[in-house]
S.K.: 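Mind looking over this structure? Questions follow.
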Amino acid sequence: MVYMLLGTGFEEIEAVAPLDLLRRAGISVLTVGIGGKTVRGSHGIPIEADITLGEMDPTDMEMIVLPGGLGGVTSVRACPEALEALRFAWENGKFVAAICAGPTVLADLGITDGKRATCFPGCEGGMGSAVMVPEVSCVRDGRLITGTSAGCAVPFGLMLVAALRGQEAADTVAEQIVIR
């Protein structure tokens, strides 16, 4: 199971594009609302989460994904249960992925320490001791996957698919959506 954390003010495209690509690949994904099932994104688009944070079962997790958006990141930082879910995933050998400002939350938890990572330009100061990789859409370093921005949501989503089901599955989804 993949869990995607949605906090108020999350960047919509950074959640919906990877969610769509993962589901196209046949991967089970549940969106997880922080503070309730209906969560408003940074552009006021309400998304109905599949479950709330209290309903999440971390024992069946393959991956946890954190979209960016400054409001969404602030929501996650203010929620001890969300931070614990991210920490649990990392400490139990699961994939941990974040895009845009989201990787700074992972840095707060020490997850990016010594790992190659990327984030939204200008957020590098919040990345602790991560080994920053500039000018890329996304980076994978073992179980850690980070993406740069909303404009990189599709490559980020395809990297999530590749991590979970292999490059062939990611290539099949890329063909389905006709990436040029």
Side-chain angles (χ1 to χ4, degrees), residues 2-7 9-25 27 29 31 41-43 45 62-77 82-83 86-87 89-90 93-180:
V2 174
Y3 290 109
M4 181 175 290
L5 300 178
L6 302 179
F10 71 94
E11 178 62 50
E12 292 94 339
I13 197 169
E14 294 170 1
V16 174
L19 171 64
D20 177 89
L21 298 171
L22 287 161
R23 287 188 176 170
R24 285 175 190 258
I27 298 169
V29 184
T31 54
S42 61
H43 298 95
I45 301 170
E62 284 184 272
M63 175 184 282
I64 192 165
V65 181
L66 178 58
L70 292 177
V73 166
T74 299
S75 295
V76 170
R77 278 195 171 105
L83 295 173
L86 290 162
R87 187 179 292 111
W90 187 250
K94 310 307 179 186
F95 284 101
V96 176
I99 186 169
C100 194
T104 64
V105 175
L106 304 184
D108 292 348
L109 297 171
I111 292 171
T112 62
D113 289 350
K115 299 284 189 185
R116 292 179 304 113
T118 191
C119 64
F120 188 81
C123 289
E124 295 89 352
M127 290 298 293
S129 65
V131 178
M132 297 308 296
V133 182
E135 308 295 323
V136 297
S137 60
C138 46
V139 174
R140 178 177 173 192
D141 189 337
R143 298 179 290 113
L144 175 66
I145 301 168
T146 53
T148 302
S149 64
C152 302
V154 169
F156 176 74
L158 291 171
M159 187 173 277
L160 302 181
V161 172
L164 291 170
R165 298 298 183 266
Q167 190 59 49
E168 187 176 324
D171 291 344
T172 297
V173 172
E175 284 180 33
Q176 289 171 354
I177 64 170
V178 190
I179 290 193
R180 298 198 190 275

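Computed from a predicted structure; not experimentally measured.
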S.K.: May I have the step-by-step check of side-chain contact (heavy atoms from CB on, under 4.5 Å) for Lys94 and Ile64, ending in yes or no?
M.R.: CA-CA 8 Å; Lys94 310 307 179 186; Ile64 192 165; over 6 Å; no
S.K.: Is the number of heavy atoms from other residues, nucleotides or ligands within 6.0 Å of CG (Leu164) greater than 12?
M.R.: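 Check passes, neighbour count above 12.
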S.K.: Dump the intermediate steps for side-chain contact (heavy atoms from CB on, under 4.5 Å) on Leu106 and Lys115, then the final yes or no.
M.R.: CA-CA 11 Å; Leu106 304 184; Lys115 299 284 189 185; over 6 Å; no
S.K.: Mind checking whether Val133 and Asp141 have side chains closer than 4.5 Å, heavy atoms only?
M.R.: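 Side-chain contact under 4.5 Å: no.
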S.K.: About how many Å separate CE of Met127 and SG of Cys119, when rounded to the nearest 0.5 Å?
M.R.: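 These two atoms lie 5.0 Å from each other.
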S.K.: Treating Gln176 as the side-chain partner and Ala174 as the backbone partner, does any N or O pair qualify as donor plus acceptor under 3.5 Å?
M.R.: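 No, the answer is negative, given that no donor and acceptor are paired below the 3.5 Å cut-off.
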S.K.: For Arg116 and Val131, indicate whether the former's side chain and the latter's backbone hold a donor-acceptor pair under 3.5 Å.
M.R.: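 No; judged by distance alone, with no hydrogens or angles, the pair does not exist.
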S.K.: Using atom types as modelled and distance alone, determine if a side-chain donor or acceptor of Thr118 lies under 3.5 Å from a backbone N or O of Thr146.
M.R.: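 Not confirmed, Thr118 side chain does not pair with Thr146 backbone.
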S.K.: Do you know the tightest heavy-atom contact between Gln167 and Ala162?
M.R.: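 Heavy-atom minimum between the residues: OE1-CB, 3.6 Å.
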S.K.: Determine whether more than 12 heavy atoms belonging to other residues, nucleotides or ligands lie under 6.0 Å from atom CD1 of Ile13.
M.R.: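 No, not enclosed.
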S.K.: Would a 4.5 Å heavy-atom cut-off, applied to side chains only, mark Phe10 and Leu5 as touching?
M.R.: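 No. Closest side-chain heavy atoms not under 4.5 Å.
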S.K.: State, to 0.1 Å, how close Pro18 and Met4 come at their nearest heavy-atom pair, and which atoms those are.
M.R.: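 Scanning both residues completely, I find the closest heavy atoms to be CB-CE, 4.2 Å.
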S.K.: Where the side chain of Arg23 meets the backbone of Val29, is there a donor-acceptor pair that is under 3.5 Å apart?
M.R.: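 Present.
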S.K.: For the pair Ile177 and Arg24, evaluate side-chain contact (heavy atoms from CB on, under 4.5 Å) and give the outcome as yes or no after the intermediate values.
M.R.: CA-CA 10 Å; Ile177 64 170; Arg24 285 175 190 258; 3.7 Å; yes
S.K.: Between Glu11 and Ser42, is any pair of side-chain heavy atoms under 4.5 Å apart?
M.R.: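 Glu11 vs Ser42: side chains touch.
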S.K.: Determine yes or no for a side-chain-to-main-chain donor-acceptor pair under 3.5 angstrom, with Arg165 supplying the side chain and Ala170 the backbone.
M.R.: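 No, because the side chain of Arg165 does not come within donor-acceptor range (under 3.5 Å) of the backbone of Ala170.
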S.K.: Any non-hydrogen side-chain atom of Cys138 less than 4.5 Å from a side-chain atom of Cys152?
M.R.: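 In short, these two side chains do not touch, never coming nearer than 4.5 Å.
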S.K.: Would you say the side-chain atoms of Glu14 pair up with the backbone N or O of Ala153, donor to acceptor, closer than 3.5 Å?
M.R.: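 No, Glu14 side chain to Ala153 backbone: no donor-acceptor pair under 3.5 Å.
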S.K.: Pro103 and Cys100: which non-hydrogen atoms are nearest, and at how many Å?
M.R.: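 Here Pro103 and Cys100 meet closest at CD-O, 3.1 Å.
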S.K.: Applying side-chain contact (heavy atoms from CB on, under 4.5 Å), run through Leu160 and Val2 and close with a yes or a no.
M.R.: CA-CA 10 Å; Leu160 302 181; Val2 174; over 6 Å; no
S.K.: Quick one: closest heavy-atom pair of Ile99 and Thr148, and the distance?
M.R.: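 Minimum heavy-atom separation between Ile99 and Thr148: CG1-N, 4.0 Å.
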S.K.: Supply the atom-to-atom distance Phe156 CZ to Leu21 CG, rounded to the nearest 0.5 angstrom.
M.R.: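 The CG atom of Leu21 is 11.0 Å from CZ of Phe156, to the nearest 0.5 Å.
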S.K.: Between Gly102 and Leu66, what is the shortest heavy-atom contact and its length?
M.R.: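 Nearest heavy atoms, Gly102 then Leu66: O-CD2, 3.6 Å.
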S.K.: If you take all heavy atoms of Arg77 and Leu83, which pair is closest and at what distance?
M.R.: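 Looking at all heavy atoms of both residues, the shortest contact is O-CD1, 3.5 Å.
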S.K.: To the closest 0.5 Å, what do you measure between CZ (Phe95) and CZ (Arg140)?
M.R.: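 So the gap between those two atoms works out to 4.0 Å.
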S.K.: Would the distance check show the side chain of Glu12 and the main-chain N or O of Ile45 forming a donor-acceptor pair, the cut-off being under 3.5 Å?
M.R.: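 Between the backbone of Ile45 and the side chain of Glu12 there is a qualifying donor-acceptor contact (under 3.5 Å).
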